[in-house]
**Student:** 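Encoded as structure tokens, here's the structure I'll be asking about.
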Amino acid sequence: MSAEKSSIEGVGPLSTTASLVVILGTGGTIAGTAANAADNVGYQAAQLGVDHLVQAVPALASHRLEMQQVAQLDSKDMDIATWQRLAQAVAAHLARPEVAGIVITHGTDTLEETAYFLQRVLAPSKPVVLTCAMRPATALQADGPQNLLDAVVLAQDARASGVLVMAAGRVHAAEQVQKAHSYRIDAFRSRDDAICGVMEEGVLREWGAWPRGVAVGLDRIAKPADQWPQVQIVLNHVGADGLLVEALVGLGCAGLVVAGTGNGTLSERLTQALLQAQAQGVRVLRCSRCDAGPVIGGDDSGLPSAGTLSAVKARVELMLQLLA
Ligand code: ASP
């Protein structure tokens with residue numbers, strides 16, 4: 001995929017020295033097309049370039065924009081090499097004084113992982129807004145254009161900061177956001193309902209805190225993708241035993257995230273297998289398979305908690321820790 005750049009400029013009400021928004025395209029359903037406009041599931045993701053997505057939203061003509069296609073994929077296939085390219089592109093554009101913020105068009109399936117990854121790597125003070133769509137661009141009720149417009153407005157808002165997700169009118173923080181529905185247009189929620197705000201007719205109404213934290217930095221993620229530590233996710237469930245854990249350790253896994261039941265609880269057999277893995281040098285993080293809430297206490301089990309992180313985000317966290 002070439003990293004082509006193009007730009008359109010307009011004289012919008014927000015045209016100040018730092019009003020430029022860079023839109024990075026990565027694919028997803030927002031760039032998807034179907035042969036039949038009434039077909040909301042039988043489509044190909046990642047077909048249209050980011051320039052095309054912008055041109056389909058007339059209201060964006062009054063904003064200062066620059067577009068760059070970083071990747072073109074279905075986000076179920078998002079990978080570490082693309083994450084590295086994306087993080088580098090975001091960091092380079094954020095360093096430009098004329099840039100107010102970044103928008104990233106992304107598939108919905110792994111958007112929460114990319115958002116958390118970028119937040120931990122860059123912890124940006126300017127807004128970096130991921131946006132998406134549940135319906136392809138050709139659908140009768142395409143949701144991408146409104147999401148894209150809202151994302152650009154959010155990226156220009158001086159109150160916003162950190163890595164955010166703009167979808168169906170809600171502004172989510174990278175750490176809390178998760179895809180919670182497989183089909184509905186309003187598919188995203190924030191854990192414990194901790195959203196940052198809402199976008200109403202192009203006006204941001206703030207509700208909660210913006211993402212904060214210390215960036216681990218680009219140097220941490222510089223290693224070639226095939227040398228990144230292997231971190232896998234296992235699950236507690238009725239009858240959970242240690243079979244998978246033993247197999248994964250045997251295959252050379254460096255880290256294991258375990259999604260426990262309730263408050264991170266694990267069957268006795270799974271606990272023993274994980275303690276054994278830890279004793280062999282494998283790093284373990286324990287989270288909950290519940291949709292919300294932290295894992296509180298229980299560290300006396302010898303298996304450290306991932307706090308409020310979901311399993312997929314705990315996996316990102318553990319990879320970044322193992323890269324240190
Ligand atoms: N499979 C698509 C993707 O994540 C789904 C979507 O974007 O809604 O790229």
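Note that ligands are numbered from 1 as they come in the structure, with each ligand's atoms numbered from 1 the same way.
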**Student:** Contact between Ala133 and ligand 1, counting heavy atoms under 4.0 Å?
**Tutor:** yes
**Student:** If we check side-chain contact (heavy atoms from CB on, under 4.5 Å) with Cys253, which of these qualifies: Val245, Leu248, Val234?
**Tutor:** Leu248
**Student:** Check whether any side-chain N or O of Glu112 sits under 3.5 Å from a backbone N or O of Lys179 as a donor-acceptor pair, and report yes or no.
**Tutor:** yes
**Student:** Against Trp83, only a single residue in Phe117, Tyr116, Trp228 fulfils ring pair (Phe, Tyr, Trp, His ring centres under 6.0 Å); can you say which?
**Tutor:** Phe117
**Student:** Nearest to atom 3 (C) of ligand 1, what protein heavy atom do you find, and at what distance?
**Tutor:** Asp74 OD1, 3.2 Å
**Student:** Using only atom types and a distance under 3.5 Å, with no angle test, would you say the side chain of Arg135 pairs donor to acceptor with the backbone of Gly144?
**Tutor:** no
**Student:** Answer yes or no: is there a donor N or O on one side and an acceptor on the other, between the side chain of Arg120 and the main chain of Val214, under 3.5 Å?
**Tutor:** yes
**Student:** Using distance alone, decide if ligand 1 has a nitrogen or oxygen within less than 3.5 Å of any nitrogen or oxygen in Ser75.
**Tutor:** yes
**Student:** For atom 6 (C) of ligand 1, find the nearest protein heavy atom and state the residue, atom name and distance (0.1 Å precision).
**Tutor:** Thr29 OG1, 2.7 Å
**Student:** Tell me the protein heavy atom at minimum distance from atom 8 (O) of ligand 1, and give that distance in Å.
**Tutor:** Thr108 OG1, 2.5 Å
